Amino acid sequence: MTFGINQVILVGHVLDAPEIKMLTTGGAMVTFTLAIEMEKHVEKHVVKIYGHLTEQAAVLAQGTWIYLEGHLQTHTSKDLTGQTHEHLE
């Protein structure tokens, strides 16, 4: 059996103030947008942080440069018309 690697490294600045959401499991999730400046454009990525790092992520200020390591997840959802969409996070 062959195994792959799902690891992502992002370096950029926090574009907006982190938003904290409480989960039904009792834990917390912090979300914010990370801007990564490329040669000719700016990539924007929505970052979601769970677990023990939520306290540190919640106090990030807009414009802060950060280094992140994580992994990607794919989720599916259906819109009001019943069409299925995949979301990469």
Side-chain angles (χ1 to χ4, degrees):
M1 180 179 273
T2 303
F3 294 96
I5 297 173
N6 182 357
Q7 183 177 9
V8 176
I9 297 173
L10 299 172
V11 179
H13 68 274
V14 177
L15 195 58
D16 51 11
E19 181 180 332
I20 304 167
K21 294 182 183 177
M22 296 308 295
L23 305 174
T24 56
T25 59
M29 173 182 71
V30 175
T31 60
F32 59 90
T33 304
L34 185 71
I36 302 169
E37 296 177 26
M38 308 300 282
E39 280 186 35
K40 297 186 181 196
H41 66 284
V42 175
E43 291 280 336
K44 296 178 184 176
H45 299 278
V46 175
V47 176
K48 294 184 179 183
I49 298 178
Y50 301 90
H52 68 280
L53 293 176
T54 55
E55 290 181 22
Q56 291 90 344
V59 297
L60 289 172
Q62 183 178 3
T64 303
W65 281 92
I66 59 172
Y67 170 96
L68 295 173
E69 286 187 34
H71 63 275
L72 298 174
Q73 292 180 330
T74 304
H75 299 279
T76 57
S77 64
K78 288 189 178 185
D79 62 19
L80 296 175
T81 64
Q83 190 173 21
T84 302
H85 299 275
E86 276 197 356
H87 307 277
L88 183 64
E89 300 177 336

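Quick caveat, the model's predicted, so the values are computed rather than measured.
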OH on Tyr50 to CG on Leu23, rounded to 0.5 Å:
7.0 Å
For the hydrophobic clusters of this structure (ILVMFWY residues joined by side-chain heavy atoms under 4.5 Å, transitively), does one cluster hold both Leu34 and Met38?
yes
Which heavy atom of Gly12 sits nearest a heavy atom of Ile36, and at what distance?
CA-CG1, 4.3 Å
Do any side-chain atoms of residues 52-64 form donor-acceptor pairs under 3.5 angstrom with protein atoms, and if so which ones, sequence neighbours left out?
| from | atom 1 | to | atom 2 | distance (Å) |
| --- | --- | --- | --- | --- |
| Thr54 | OG1 | Gly51 | O | 3.0 |
| Gln62 | NE2 | Leu15 | O | 3.0 |
| Thr64 | OG1 | Ala61 | N | 3.4 |
| Thr64 | OG1 | Ala61 | O | 2.7 |

Nearest 0.5 Å, please: how far is NZ in Lys44 from OG1 in Thr33?
8.0 Å
Do the side chains of Lys78 and Gln83 get nearer than 4.5 Å, heavy atoms only?
no
Applying side chain to side chain donor-acceptor pair (under 3.5 Å) to His87 and Ser77, what does each step give before you reach the verdict?
CA-CA 8 Å; His87 307 277; Ser77 64; 2.7 Å; yes
Can any side-chain N or O of Asn6 pair as donor or acceptor with the backbone N or O of Leu72 at less than 3.5 Å?
yes
Nearest-0.5 Å distance that lies between atom CD in Glu43 and atom CD in Glu37
11.5 Å
Main chain of Phe32, side chain of Asp16: is a donor-acceptor contact present, judged purely on distance under 3.5 Å?
no
Residue pair Val11 / Ile66, side-chain heavy-atom distance below 4.5 Å
no
Heavy-atom check, side chain of Leu68 versus side chain of Val47, under 4.5 Å
yes
Where do Glu69 and Gln7 land on the side chain to side chain contact (heavy atoms under 4.5 Å, CB included) test, with the steps shown first?
CA-CA 7 Å; Glu69 286 187 34; Gln7 183 177 9; 3.4 Å; yes
